[in-house]
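Order of listing sets the numbers, starting from 1, for every ligand and every atom in it.
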Amino acid sequence: MKIASVIVDVAVMQTDRPFDYEIPPAWEDVIQPGMRVIVPFGPRHVQGFVLEIKEEQESRKLKPIVEPMDIVPVLNKELLSLADWLTAESLCFKISALQVMLPAAMKAKYSKQIRVTGFAPLSLSVQSLFNGRDEIAWEEAAEAGALSEIRKEVKKGSLDVLYSVKSKGRKKTVRMVKCRLSEKLLNETVQSMPKNALKQVEAMQFFLGRTGEWIPLKETGMSSAVAKALIDKELLEEKQEEMYRDPLAGRTFTPDTPLVLTDMQQAAIEPILEKVKEEKAETFLLHGVTGSGKTEIYLQSISEVLKKGQEAIVLVPEISLTPQMTDRFKQRFGNDVAVLHSGLSTGEKYDEWRKISRKEVKVVVGARSAVFAPFENIGLIIIDEEHETSYKQEENPRYHARDVAIWRAGFYGCPVILGSATPSLESFARAQKGVYTLLTLAERVNDRPLPAVDIVDMREELREGNRSMFSRNLFDKIKDRLEKGEQTVLFLNKRGYSSFIMCRDCGYVPECPNCDVSMTYHRHRHQLKCHYCGHEEPSPNVCPECTSEHIRHFGTGTQKVEEELLKLLPEARIIRMDVDTTGTKGAHERLLKKFAQKEADILLGTQMIAKGLDFPDITLVGVLSADTMLHLPDFRASEKTFQLLTQVSGRAGRHTLPGEVVIQTYTPEHYSIQLAADQHYESFYEQEMQMRKMGGYPPFYYLALITVSHEEAIMASSEANKIVMNIKPELSPAAVVLGPVASPISRINNRYRWQCLIKYKREPKLGAVLKQVLEHYAKQGKSNGLMVSVDIHPYVLM
Ligand code: ADP
Ligand code: ZN
Ligand code: ZN
């Protein structure tokens, strides 16, 4: 008999292994590894992934597969073995590793129906619920509060519960019609049709000269009723045609041609093209200052890959996946490009994925998860802004796109390009050691100078009586740009602190009742909101502690900056970009377009404007407060500050007009601010490496973070203690175990959080030990209310 080993869609430890199912003879030739199938599991039907097919001589008693969900495998052999690797690396469930590779639309959708069996009579109340139907949805019974009644009936055998599994993804279809007549016959028919059927005559006339051609019903202009009448008369034929939802519909791209590379770009691209030609895996770290022409190198490398009939994946951080960025790929490669980002609807993402899967495109430009694009002949993988922490997924499976890219490149024998103006310390250290090959673009294209940077000490401003959020230096420069008709970008770093409210008399700050964090103030609704659990409440007008009326909004939100700016410079035209103004679909793009068309003088925004902007008339960049991120409880705080400041500064003077940057700060002496102003990556690297060495942090040590949470603080801390006691003896003396301590955010959603950080260099047993810890708590199940998570190579230490 033929047997399929299947991973089922039930993410608990006990089911984290393949189960055997019989393949019914009817599907012997259909079911293949990498397909989704529906299988019985306990009383239910669930989705499963076929890992392999086995042939056994003796038959044994197995449940049969209910039915396949795919006609062709959705995961190829390579992706199936990538899932093995991902499971082992990130200690996740196999099912999570398989599911993360597919678009959300392909996740199973489960539904329950309740059906009358007819074996026994129904009680009166259930009869009235069914009201003559043989089947109702589970939800309907639940809403009617009839579940316990239903349960009794199921026991009696009068009702049965049916479980069904569906794919969420719906293909979009259009109705097409075709004239069945020959041209000659159509002519005669139109002549002879009764004159009172005017609509039908008109409809048929449409097909003159177009017989035999499939045409979308919409284009013919006829109504459904007319179409139906003509189809019934067998004059027309109809069909449903599958169609892609095109996220870029209606936009045209002017094709562009490759630029002549500068000598420096030429020197950088040659080693890459060599590996493309040799089909050898190698990881390149392309370190190029902002505006040095990295993107052109990506484009020309991809060209070579396409010429060889191979495919390319380009990863871009979600936040810089702007139309400006994707257009550059569309302009060069036209319809060969698929774009995947979070702004697409579930259906649109599904359609883009299918285009990739069917090899109808050759290039994917997308955010983190695009690294799983189901290509089968990959010739190049590019990760732009490789230092971005958004490449690490913060939920299971906790993978880093860079590691996945390097794994896939190893499989296909192709190069990986990691590009950045500010590489992560980990990557630069690997390049120094020769694990990656370093390629450098030290200057901007065409000798455009890097912008001149001024650091302004805001303490000094205050001492001299300037209480505004703009230093005199920055204010004068903004004014100057307004007069000259040049553009300014103002950057407000909101990560780390958001606008909160505080009582000026007693210092009270409202905190979330469920989490130990202060709540964010939302001005337009006068509400306080917790960004961890979503709790919302009205903002108080008097202090709940001391009843003072001096409780008000603090922190400089973008709205506040905008207001102050308008007070000082009423004539300025400002575009504000933050979560409030970019919430709707396409808003981001619309605002940037307005700015590009010079409908505004100042672009004011948060993180989202730090990257990728390339407008010719930006000659001034102002950073309102450089140090908000510097004081976070995170060993990467300096690195993140350096990266952000360098990125923002890189927006100025990218074209013919020279650029200036003003960085306002309360800690002007800090090396990450000083060196960002000098645009001196290597010096920053040297200095930060020393700090990391002293602190025992990456890239000198690897990290693993264990977090334990429970509704009672004492439970969380004592279990965290137990875990540490159990792990310590298993590790070598070189490993360092920090904690357990309360997490920096010590409570989220009413659960107290304790953590323990393991620093290690080489601990071959660690993976197995941590897996044991997870298994131990999984076996106990949810009964004791403990939750334990393990994050290998964590980026979020809060
Ligand atoms: P990066 O990605 O390193 O920030 P870009 O690729 O965006 O840099 O290039 C910066 C600017 O220089 C862009 O406007 C780009 O069109 C231009 N550019 C890049 N390479 C060349 C070249 N070889 N010749 C002329 N202009 C170039
Ligand atoms: Zn108070
Ligand atoms: Zn909360």
Evaluate Leu259 for polar contact with ligand 1, using N/O atom pairs at a separation under 3.5 Å. no

Among all protein heavy atoms in this structure, tell me which lies nearest to atom 11 (C) of ligand 1, with the distance rounded to 0.1 Å. Arg448 NH1, 4.0 Å

Given Ala421, Ser292, Gly293, Ser420, which one has a non-hydrogen atom that is nearest to atom 9 (O) of ligand 1? Gly293

Using distance alone, determine whether Thr295 and ligand 1 share an N or O pair under 3.5 Å. yes

Charged N to carboxylate O under 4.0 angstrom, Arg636 versus Glu688? no

Hey, which of Thr422, Thr641, Val453 is the one that makes side chain to side chain contact (heavy atoms under 4.5 Å, CB included) with Thr646? Thr422

Tell me which protein heavy atom sits closest to atom 4 (O) of ligand 1, plus the residue, atom name and distance to 0.1 Å. Gly291 N, 2.9 Å

Salt bridge or not between Glu274 and Lys277? Use side-chain N to carboxylate O under 4.0 Å. no

Strictly below 4.0 Å, N to O, side chains only: are Asp384 and Lys294 in salt-bridge contact? no

Pick from Glu296, Arg328, Lys294, Gln265: the one approaching atom 7 (O) of ligand 1 most closely through a non-hydrogen atom: Arg328

Is the shortest distance from a Lys or Arg side-chain nitrogen in Lys477 or Glu660 to a carboxylate oxygen in the other one below 4.0 Å? yes

Quick one: nearest non-hydrogen protein atom to atom 14 (O) of ligand 1, plus distance? Asp614 OD2, 3.3 Å

With nothing but distance in play, are any N or O atoms of Val260 less than 3.5 Å from an N or O of ligand 1? yes

To check you understand the geometry: which heavy-atom pair defines the closest contact between Ala405 and Ile383, and what is its length? CB-CD1, 3.9 Å

What protein heavy atom lies closest to atom 26 (N) of ligand 1? Include the residue and the distance to one decimal. Val445 CG1, 3.5 Å

Decide, yes or no, whether a salt bridge links Lys484 with Asp480 under the criterion of side-chain N to carboxylate O below 4.0 Å. yes

